[in-house]
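Comments concern the structure below.
So you know, we letter chains A, B, ... as the sequences are listed, proteins then strands, and number each from 1.
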Number of protein chains: 2
Amino acid sequence: MKASDIQTEDKIFEAATEVFQEKGYDGTRMHDIAQKAGTNKALLHYYFRSKDALFEAVFQKLASKLFSKFTPILSPELSLEEKLHFFFREHIEFLKENPRLPFFIINELNRKPERIQRLIRNIDFKLFYKTLSEQHGKEFEKYDITPDSLLQIMTSIAAISIFPFIGKNFSKSLWRISTKISTNISKKEKNLHPILF
Amino acid sequence: MKASDIQTEDKIFEAATEVFQEKGYDGTRMHDIAQKAGTNKALLHYYFRSKDALFEAVFQKLASKLFSKFTPILSPELSLEEKLHFFFREHIEFLKENPRLPFFIINELNRKPERIQRLIRNIDFKLFYKTLSEQHGKEFEKYDITPDSLLQIMTSIAAISIFPFIGKNFSKSLWRISTKISTNISKKEKNLHPILF
DNA sequence: TGAAATATTAACCTTATAGTTAAATCAAAT
DNA sequence: ATTTGATTTAACTATAAGGTTAATATTTCA
């Protein structure tokens, strides 16, 4: 095995990771990945057999990378409040470094809904809720949190932290304009479209 | 001009609307649209010249359809609280009927960021904030809402209402499993993956 | 070293897809 | 009914994209 072996395979994998995240499966060209990796198409097939297989490898890696960030929620050392703080701090920090990741995952889960089953199969929700209940039962009662509302609450928390990254380009543009409001004098106050968002 | 004129063009447009929303630009095949519309490819080009042109028409229609839902926010007749109620009720109702719309818009805004400029160009944010201030100035002061935090708050509101639809397939699966928790006895409490979401 | 295993390249193949064309059909007005 | 212009169809073209192959280069290790 030569020294550049793993390097080349890694280069391809990294390039694929970038391009797939950026363009999605349908928008990605094998040629583009090869170019980004500094090699040629044939090598992608040499190492990964097909576009599907390469994509699968990238997806699995990225999905577990994202989902592993949720581990601390089951940690017995943290209070509910600490977990919330931890979640927002760590998770948003992570998303800053991987801004395209949530959108990518959601997009591909939508393109191939079968994936979801495979991802979720491994979760034992009963055990999950039981564990949380044992750790935070009193807090749950205090806040009237049931299995159903827990899921709702967590969805909202996820929404607030993830959404700005999903609509990043859009938010950024809005932000840029909105900051101008404080400093700029409006030049013309004519036609306002009824578009907010 | 014959009677079936508008009908055929409309059929194509509707089919295109469905397929583009479902698969995105890259994932859409002209052939599929033609089939769904009950015609053939050549007709798509006859009426809409190119895939790009057809897509552009669909996108513009859908974008204005979505954005027009935000109009009531500037209505002088409603209080801030009424607007919030109105927003959640109407907007979520609308999303129930067009579940793929937000994802579609975000996806395509990301694929062609230039679109954002064109969409946002028409918004006079200064006037927008001024109008809202005049209508709800006291409430804004009371809640310490500034131009910046207003945008943050609206992003969070949008996030909570839109996100469940964006991650719909995923949420649905989670929900289905989570409701089982209440009724089912766990068969095996073995391997729990550290995956939450 | 030199044979075997592994890596790399360029040229080629096949299929899928956007787009075209030219002929056929149809509706309506003269 | 004939002409005219719009509509529809099927067959075709060009190209882009995924994938293959066979020849060449490089590394490893007996």
Side-chain angles (χ1 to χ4, degrees), chain A residues 1-62 104 107-108 110-112 114-115, chain B residues 1-62 104 107-108 110-112 114-115:
Chain A
M1 193 182 275
K2 81 173 158 183
S4 65
D5 255 20
I6 302 140
Q7 220 184 50
T8 302
E9 192 173 342
D10 269 13
K11 265 187 188 170
I12 291 172
F13 190 83
E14 274 164 35
T17 301
E18 280 185 50
V19 181
F20 277 133
Q21 272 191 95
E22 182 62 32
K23 308 269 189 185
Y25 181 88
D26 289 327
T28 292
R29 300 292 98 103
M30 293 296 265
H31 174 79
D32 295 344
I33 296 176
Q35 203 153 346
K36 188 155 222 159
T39 59
N40 59 11
K41 270 193 319 172
L43 268 190
L44 309 202
H45 289 94
Y46 177 72
Y47 283 111
F48 294 94
R49 213 183 82 251
S50 69
K51 186 184 182 183
D52 266 62
L54 176 54
F55 179 83
E56 205 59 34
V58 168
F59 182 84
Q60 288 306 327
K61 183 76 172 291
L62 285 176
F104 170 78
N107 192 14
E108 297 305 332
N110 187 75
R111 198 172 60 82
K112 282 207 165 189
E114 318 87 77
R115 291 183 191 291
Chain B
M1 193 181 280
K2 83 176 153 181
S4 65
D5 256 18
I6 301 142
Q7 222 187 46
T8 303
E9 191 172 343
D10 269 13
K11 265 188 189 169
I12 291 172
F13 190 83
E14 275 163 35
T17 301
E18 280 185 48
V19 181
F20 276 133
Q21 271 191 95
E22 182 61 32
K23 307 271 188 182
Y25 180 89
D26 289 327
T28 292
R29 299 291 97 102
M30 294 296 266
H31 174 78
D32 296 343
I33 296 176
Q35 203 153 345
K36 187 155 222 162
T39 59
N40 58 12
K41 272 192 319 170
L43 269 192
L44 308 201
H45 289 95
Y46 176 72
Y47 283 113
F48 294 95
R49 215 182 81 250
S50 69
K51 185 184 182 183
D52 266 63
L54 176 54
F55 178 83
E56 205 58 34
V58 168
F59 182 84
Q60 288 307 326
K61 183 77 170 291
L62 285 176
F104 170 77
N107 192 12
E108 297 305 331
N110 187 75
R111 199 173 59 83
K112 281 208 165 190
E114 318 87 75
R115 291 183 191 290

Do the charged groups of A:Lys36 and A:Glu22 touch, with an N to O distance under 4.0 Å?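 Salt bridge flag = no for A:Glu22 with A:Lys36.
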hbond_proxy A:Lys51 side chain to D:dG19 base (donor-acceptor, 3.5 Å cutoff):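 When only heavy-atom distances are counted, A:Lys51 does not reach the base of D:dG19 through any donor-acceptor pair under 3.5 Å.
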Answer with yes or no whether B:Lys41 presents, from its side chain, a donor or acceptor under 3.5 Å of a partner atom in the base of C:dA18.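 Flag set: donor-acceptor pair detected.
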Under-4.0 Å side-chain N/O to phosphate OP1/OP2 contact, [X] with [N]:
X	N	result
B:Arg29	C:dA18	yes
A:Tyr47	C:dT6	no
B:Tyr46	C:dG19	no
A:Thr8	C:dT8	yes
B:His45	C:dG19	yes

Protein-nucleotide distance ([X], atom [atom1]; [N], atom [atom2]), rounded to Å:
X	N	atom1	atom2	result
A:Phe48	D:dT20	CZ	P	16 Å
A:Leu43	D:dG19	CG	P	15 Å
A:Met30	C:dT15	CE	C1'	16 Å
A:Asp26	D:dG18	CG	P	11 Å
A:Phe55	D:dG19	CZ	C1'	19 Å
A:Asn40	D:dA17	CG	P	16 Å
A:Leu44	D:dT20	CG	P	12 Å
A:Leu54	D:dA17	CG	C1'	15 Å

Compute both the distance and the angle, then confirm whether A:Arg115 meets the cation-pi test with A:Phe55: under 6.0 Å from the six-membered ring centre, within 45 degrees of the axis.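 No, a cation-pi geometry is absent between A:Arg115 and A:Phe55.
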If you take the centroid of each ring, where Trp contributes its six-membered ring, are A:Phe20 and A:Phe104 closer together than 6.0 Å?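 No, too far apart.
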If you check every side-chain atom of A:Ala42, which of C:dT20, C:dA18, C:dA10 has the closest atom?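 Minimum distance to the A:Ala42 side chain belongs to C:dA10.
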Expected output: side-chain B:Glu108 to main-chain B:Tyr25 donor-acceptor under 3.5 Å: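 Checked: pair present.
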Kindly indicate, with the supporting measurements, whether the criterion side-chain contact (heavy atoms from CB on, under 4.5 Å) is fulfilled by B:Thr17 and B:Gln21. CA-CA 6 Å; B:Thr17 301; B:Gln21 271 191 95; 3.6 Å; yes
